[in-house]
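Numbering of residues begins at 1 and proceeds along the displayed sequence. Every value quoted in this text rests on a predicted model; they were computed, and no experiment measured them. Counting starts at 1 for both ligands and their atoms, following the listed order.
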Amino acid sequence: MEDNNKVSIGNVEIIALQDGKLNLPIEVLKNLDENQTKELNSKPEENPLTLSNINAFLIKNGNKNLLIDAGCRDLFGASCGFLMDKLNDNGINADDITDLFFTHLHPDHVGGAITENGEVVFKNATIKISGLEIDFWRDGKFEKVDVNGEDFANLAKSVLNAYDKIETIKDQEAIIPDVHVMSLPGHTPGHSGFRIDNGDNSFIHLGDILHTPRLQLENPDVSLVFDVDMEQGLKTRKMMFDMVSKDKILCSSGHMLEPKFCYIEKSGTGYKLSY
Ligand SMILES: [Zn+2]
């Protein structure tokens, strides 16, 4: 439903743009409990518990069109790569994007920012990103491994090299007016979400603190091999679940399922979504 994909906080409009969906392989999941392991082994392929969406967001405020993450283009197969269609459905073309914020530089968040030839897709956009994130991928030594290795770093560098206008942004600073960065370390060194506040109304984008919402809300210990620092990522996940449930803050994130906008509340030893 179209309306489930849009909310406003004050004058700021937030539109969820789903780039794609996929089921994550069991091998990438760590710290599953006994019941979860049993359920996943009973249906290893396309188990609903391992479903993950890839989401970008369009934030409109005054003359600013801020894109949050850029999807994965064709890097993950036919079930992904629909960001531009979703933007067009909302009356926005690539050239209308004024600012592009990357929560972090993983392929599913930056792949769609360049073409397969390395050309800029959003040619009027200023990139906004944590300086820690740039330093990590530009200067690190990476091995030839599938996750957080040389291929990830090369794509991150290609994206950074393609754009002329790049501004680093620190924790709590404004990306555009009324939209403030929240540092969420662990998943990657500069990994960040953001928050928008207006009086009693708030919204928080939780970045990639959860990839498989159905498993990680029930059991927040579940972590993924994509975390650069899994222990720190776990701390950040628990801290954020605790904060948004206590403060009853509307949330979404880079891998949230439908509906995109929800509240998180305590349930047993874990959490559940409410709407
Ligand atoms: Zn991601």
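- Taking the side chain to side chain contact (heavy atoms under 4.5 Å, CB included) definition, one finds that P213 meets it with L210, L217, M256, L257, sequence neighbours left out.
- Each salt bridge (charged side-chain N to carboxylate O under 4.0 Å, His left out) pair with one or both residues in residues 206-224, not counting sequence neighbours, appears once here: D221-K238.
- The tally of protein N/O/S atoms under 2.8 Å from the Zn ion (ligand 1) stands at 4.
- For F226 and H187, the ring centers sit 6.0 Å or farther from each other.
- Y263 meets the ring-ring contact (aromatic ring centres under 6.0 Å, His included) test with no other residue; sequence neighbours excluded.
- Of the listed residues (I129, I175, T103), just one forms a side-chain contact (heavy atoms from CB on, under 4.5 Å) with V181, and that residue is I175.
- With hydrogens and angles ignored, the 3.5 Å screen pairs no side-chain donor or acceptor of N124 with any backbone N or O of I97.
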